[in-house]
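Written out below as structure tokens is the structure these notes cover.
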Amino acid sequence: MRYTVFLASKFSHRSFPLLKTHSCGELNKKHVGARVTLAGWVDRRRDHGGLIFIDLRDREGIVQVVFNPEVAKETHETAGELRSEYVVQASGAVALRPPGTENPKLPTGDVEIIADKIKILNTSETPPFYINEEVEVEESLRLKYRYLDLRRKRMKDNLILRHRVVKFIRDFLDDRGFLEVETPILIKSTPEGARDYLVPSRMHPGKFYALPQSPQQLKQLLMAAGIEKYFQIAKCFRDEDTRADRQPEFTQLDLEMSFLEQEDILVLFEELLISLVETVCPQKRLVKPFRRISYAEAMECYGSDKPDLRFGVEIKDLSKILVNSEFTVFRSAIAGGGRVKGIAVPGCATYTRGQLEELNQMARSLGAGGLVTISLGMCDGGIDGLSVEMVKSVASKFLSLEQVKQIARALGARPGDLLLLVAGDGDLASVVLGGLRTEMGRRLKLADPNTIVMGFVIDFPLFWWNKEVGHWESMHHPFTAPRDEDMCILDSAPEKVHGKHYDIICNGFEIGGGSLRIYNAALQKKVFNMLGYKDEEIIERFGHMLDAFNHGTPPHGGIAIGIDRLVMLLAGEESIREVIAFPKNQSAIDVLLDAPSHVNEQQLNELHLSIREE
RNA sequence: GGCCCCGUGGUGUAGCGGUCUAACAUGCCACCCUGUCACGGUGGAGAUCGGGGGUUCAAAUCCCCCCGGGGUCGCCA
């Protein structure tokens with residue numbers, strides 16, 4: 001890949017450590033005749049009894065080293081002892097390979113090293129899994145021997161890609177006047193949102209630091225400090241259950257600016273992400289300009305606030321067609337204020353009873369009362385050519401042919417498609433269909449893996465009503481500013497207030513989000529009150545923020561991008577663990593270091609802690 | 001906490017009530033081999049099928065519980 005070549009060429013301009021003069025991967029015809037010393041790992045050995053070939057591997061690649069007893073007898077004997085993953089230093093002349101023995105599969109395949117010296121720097125036990133082959137290995141084993149796993153090309157390439165991404169971001173933002181500022185890891189617990197990781201204080205019995213869930217408050221305080229343009233590649237910590245795209249600790253590009261409008265951030269990040277992808281992953285097809293859709297549109301058309309925009313299969317509201325349907329489930333749902341919505345799944349009219357029942361179960365598990373399926377048989381003349389015999393549905397006796405045609409047209413269906421209909425209140429029908437859309441997209445491979453579609457989701461509601469606790473909660477976080485035109489309804493209709501909040505989505509993942517912030521103390525206090533905080537709580541937890549707003553904090557806003565997810569998508573991986581050097585498993589355990597672990601009694605005593613029996 | 005999937009030599013798989021004394025590939029060990037590159041050849045070692053209980057004349061195979069791993073819902077301001 002291009003970034004590997006880039007690194008190798010850069011590496012070659014630097015002076016090498018004393019144990020090697022060149023890297024294995026950089027050698028080519030230009031080096032023929034040179035005497036080189038290499039150091040690396042034995043990737044593979046081919047012992048012909050007489051000649052011994054060793055594929056020597058280092059970070060930059062692989063080169064063939066030849067041991068000939070007629071060249072150096074003792075060296076050849078030593079080479080006979082080599083095994084996989086031995087660490088060796090070898091010296092010899094770079095030579096063109098004999099005609100006909102070149103290996104076009106290897107970048108260094110035109111040349112080989114005629115070794116006259118070899119030194120075994122370290123031996124190795126037989127590795128527990130293959131390092132030189134791309135075979136799927138159980139992940140827990142890979143994590144236990146992560147240092148071996150990272151020797152594999154796939155993982156090495158992922159780490160290199162990650163380096164390139166972060167390097168590009170730093171250079172890009174530096175060019176535009178942003179200052180990278182570090183913020184502390186030991187901060188104050190403000191237990192809203194996710195659970196905090198806590199660190200007990202030795203010097204203050206009974207008190208705890210918290211690890212930052214993000215540098216949110218600190219970066220706003222940096223704006224109060226007049227930094228104006230800040231960014232940081234920041235570690236964040238959240239004590240919640242893991243997922244393929246979530247780890248207890250993860251990395252964000254955290255950024256904040258003063259004196260800006262929402263448009264400034266969106267334009268900056270569109271430019272950053274486009275130039276990033278085009279530079280670092282030129283082989284990917286990136287759709288531009290980025291789409292912008294409202295939260296309401298995302299939910300209505302895709303049933304998700306992070307839809308995969310690489311394929312269509314959009315959700316349509318069919319309520320108008322079915323308002324007077326003979327099908328009671330639909331008619332009563334609509335009469336009760338609900339909606340009936342649907343999607344058309346291409347080419348799935350041939351689904352069996354069993355497959356349809358599976359979809360039905362999925363719809364129920366997503367919260368639907370049920371799922372109505374309509375299979376459109378193949379026929380000439382498009383939807384108009386459909387006849388009664390060609391339509392198969394559990395609800396067929398309640399649906400006229402004309403209604404089916406209307407539904408099919410509304411969904412943009414074609415003969416051979418499978419229509420999925422769901423009734424429900426509010427967003428329910430959309431959310432269920434959104435889940436089915438995602439599943440069918442995956443099954444039918446509707447999304448091109450080499451395409452990247454990014455977009456901004458905007459116009460989020462500021463609040464959502466939490467029934468269980470009986471007060472409003474922030475959609476994003478409590479520092480997000482309401483839209484100016486909605487200020488007048490903040491008291492009268494909080495549910496209609498929109499925030500100056502934006503998310504960045506990519507291929508079905510939320511990779512970032514941010515907002516313009518509140519910088520007026522009175523408004524911030526009012527929002528906290530609406531979120532159910534009492535005045536004394538506000539002072540105790542967020543007094544420093546209100547103080548700052550009372551001392552000339554400028555208008556400001558920012559964004560955070562999940563580096564792990566971004567790199568995962570660029571690498572074509574399905575889990576962020578594949579782009580993190582030392583990730584934790586699903587139970588939040590580091591199986592390599594065996595963390596978390598017990599600590600001794602003395603450590604507990606110093607921290608004024610005792611373990612409660614449960 | 002709920003639901004789904006997985007657990008067979010070092011690794012990856014097959015076997016899914018008796019023919020399993022558990023198969024295949026690769027790796028490993030020994031010997032042979034001077035142009036291979038997933039080298040080749042000959043021979044060899046290596047798993048009581050995650051653990052426990054049950055059903056059965058008979059269990060890797062069926063059932064239950066537990067453990068470990070993965071996915072997902074809840075959760076992730």
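Bear in mind the structure is a predicted one, so any value in this text is a computation, not a measurement. Note that these values count all heavy atoms, side chains included, but never hydrogens, waters or copies made by symmetry. In what follows, chains are A, B, ... by sequence order, proteins preceding strands, each numbered from 1.
- For the pair A:Asp149 CG and B:U11 C1', the interatomic distance rounds to 13 Å; values are reported in whole Å.
- Comparing the same atom, P, in B:G2 and in B:A60 gives a spacing of 30 Å after rounding to whole Å.
- Heavy-atom nearest nucleotides on RNA chain B were determined for A:Pro69 and for A:Val135, and the one closer to the 5' end corresponds to A:Val135.
- Look at A:His48 and the base of B:U36; the rings do not stack under the cut-offs of 5.5 Å between centres and 30° between planes.
- Here A:Arg45 does not pair with A:Asp55 in a salt bridge; the nearest charged N to carboxylate O distance is not below 4.0 Å.
- Not a single donor-acceptor contact under 3.5 angstrom links the side-chain atoms of A:Arg142 to the base of B:G12.
- Counting only N and O atoms by type, the side chains of A:Arg46 and A:Gln64 include a donor and acceptor under 3.5 Å apart.
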Quick test: give all pairs of protein nitrogen or oxygen and nucleotides 2-4 of chain B nitrogen or oxygen below 3.5 Å, distance rounded to 0.1 Å.
none

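- Atom P of B:C66 sits at a distance of 35 Å from the matching atom of B:C20, rounded to the whole Å.
- For the P atoms, the distance linking B:C49 with B:C62 amounts to 15 Å, nearest Å.
- Between A:Pro128 and A:Gly100, the one whose closest nucleotide on RNA chain B sits nearer the 5' end is A:Pro128.
- Between A:His476 and A:His501, the two ring planes are parallel [angle under 30°; tilted spans 30° to 60°].
- Between the CG atom of A:Asp47 and the C1' atom of B:C29 there is a distance of 14 Å, given to the nearest Å.
- Every residue two or more places apart in sequence or in another chain that forms a side-chain contact (heavy atoms from CB on, under 4.5 Å) with A:Glu134 is listed here: A:Arg152, A:Lys153, A:Arg154.
- Between the CE atom of A:Met475 and the P atom of B:C76 there is a distance of 13 Å, given to the nearest Å.
- Taking atom C1' in both B:C31 and B:G68, the straight-line distance is 42 Å, to the nearest Å.
- No salt bridge links A:Asp486 with A:Lys496; every basic N to acidic carboxylate O contact stays at or beyond 4.0 Å.
- As judged by a 4.0 angstrom heavy-atom cut-off over every strand, A:Pro98 is placed among the base-contacting residues.
- In the set B:A38, B:G69, B:A77, the nucleotide with an atom closest to the side chain of A:Ser214 is B:A77.
- Residue contacts shown for A:Asp239 are absent, as no nucleic acid heavy atom lies under 4.0 Å away.
- One interatomic measurement links the two molecules: CZ of A:Arg443 to P of B:G71, which rounds to 19 Å at whole-angstrom precision.
- As rounded to the nearest Å, B:C73 and B:U13 have P atoms that lie 26 Å from one another.
- Looking at the side chain of A:Glu133, the nearest of the listed nucleotides B:C73, B:U26, B:A77 is B:U26.
- Between the CD atom of A:Glu136 and the P atom of B:C6 there is a distance of 17 Å, rounded to whole Å.
- The base of B:C76 is paired with the side chain of A:Arg246 by a donor and an acceptor separated by under 3.5 Å.
- The side chain of A:Thr101 lies closest to B:U36, out of B:A38, B:U36, B:U34.
- Taking atom C1' on both B:G74 and B:G46, the two are 46 Å apart, rounded to the nearest angstrom.
- The pair A:Arg443-A:Glu439 meets the salt-bridge criterion, with a side-chain N (NZ, NE, NH1 or NH2) lying under 4.0 Å from an Asp/Glu carboxylate O.
- On the C1' atoms, B:A59 is 7 Å away from B:G17, given to the nearest whole Å.
- Both distances falling under 3.5 Å, in either a Watson-Crick or a G-U wobble arrangement, occur for no nucleotide opposite B:U56.
- Pair assignment for B:C24: B:G12, on the basis of Watson-Crick or G-U wobble contacts that are both within less than 3.5 Å.
- No close placement of the A:Phe456 and A:Tyr502 rings is indicated, their centers lying 6.0 Å or farther apart.
- The separation between A:Asp43 atom CG and B:G27 atom P is 13 Å, rounded to whole Å.
- Within 3.5 Å, no donor on the side chain of A:Thr480 pairs with an acceptor on the base of B:A77, nor the reverse.
- The phosphate of B:C29 has OP1 or OP2 within less than 4.0 Å of a side-chain N or O from A:Arg83.
- Residue A:Leu141 is in sugar-phosphate contact alone, with no base atom involved, counting any heavy-atom pair closer than 4.0 Å across all strands shown.
- Two rings, from A:Trp464 and A:Trp472, have their centers 6.0 Å or more apart.
- As judged by a 4.0 angstrom heavy-atom cut-off over every strand, A:Glu112 is placed among the base-contacting residues.
- Of the candidates B:G35, B:G12, B:C37, B:C37 carries the atom nearest the A:Arg97 side chain, counting heavy atoms from C-beta on.
- Taking the C1' atom of each, B:U61 and B:U56 are spaced 13 Å apart, rounded to whole Å.
- Considering only side-chain atoms of A:Ala244, the nucleotide from B:A77, B:U34, B:G71 that sits closest is B:G71.
- Among B:G70, B:C75, B:G12, the nucleotide with an atom closest to any side-chain atom of A:Glu240 is B:C75.
- One distance of note links CG of A:Leu436 with CG of A:Leu420; it measures 6.0 Å at 0.5 Å rounding.
- A:Arg243 comes within 4.0 angstrom of a base, heavy atoms only.
- At B:A38, one or more side-chain N or O atoms of A:Lys105 fall inside 4.0 Å of OP1 or OP2 (strictly under the cut-off).
- No engagement by A:Glu125 is indicated, since no non-hydrogen atom pair under 4.0 Å with the nucleic acid exists.
- Summarising the base pairing, B:A45 is matched to no nucleotide, lacking a Watson-Crick or G-U wobble pair whose two defining distances lie under 3.5 Å.
- Stacking of the aromatic ring of A:Phe53 onto the base of B:U36 is found: the ring centres lie under 5.5 Å apart and the planes are inclined by under 30°.
- A salt bridge does not link A:Glu510 with A:Lys306: none of the charged nitrogens is closer than 4.0 Å to a carboxylate oxygen.
- Annotation: proximity of residues 572-588 of chain A to RNA chain B (heavy atom, distance under 4.0 Å) is found for A:Arg577, A:Asn585, A:Gln586, A:Ser587, numbered in ascending order.
- Regarding contacts with the backbone of B:U36, every side-chain N or O of A:Arg46 stays at 4.0 angstrom or more from both OP1 and OP2.
- Between A:Arg238 and the phosphate of B:A77, there is a side-chain N or O to OP1/OP2 separation shorter than 4.0 Å.
- An OP1 or OP2 oxygen of B:U36 is reached within less than 4.0 angstrom by no side-chain nitrogen or oxygen of A:Arg45.
- When rounded to the nearest whole Å, the span between CD1 of A:Ile54 and P of B:G35 equals 17 Å.
- Aromatic ring pairs are classed by plane angle as parallel below 30°, tilted from 30° to 60° and perpendicular above 60°; the pair A:Phe542 and A:His544 is tilted.
- A donor and an acceptor atom, one from each side chain of A:Thr75 and A:Lys117, are nowhere located under 3.5 Å apart.
- Remark: the A:Ser140 side chain and the A:Glu138 side chain contain an N/O donor-acceptor pair separated by less than 3.5 Å.
- Distance, A:Leu51 CG to B:C32 P: 16 Å, rounded to whole Å.
- Here the OH atom belonging to A:Tyr86 is positioned 10.0 Å from the CD atom belonging to A:Glu125, to the nearest 0.5 angstrom.
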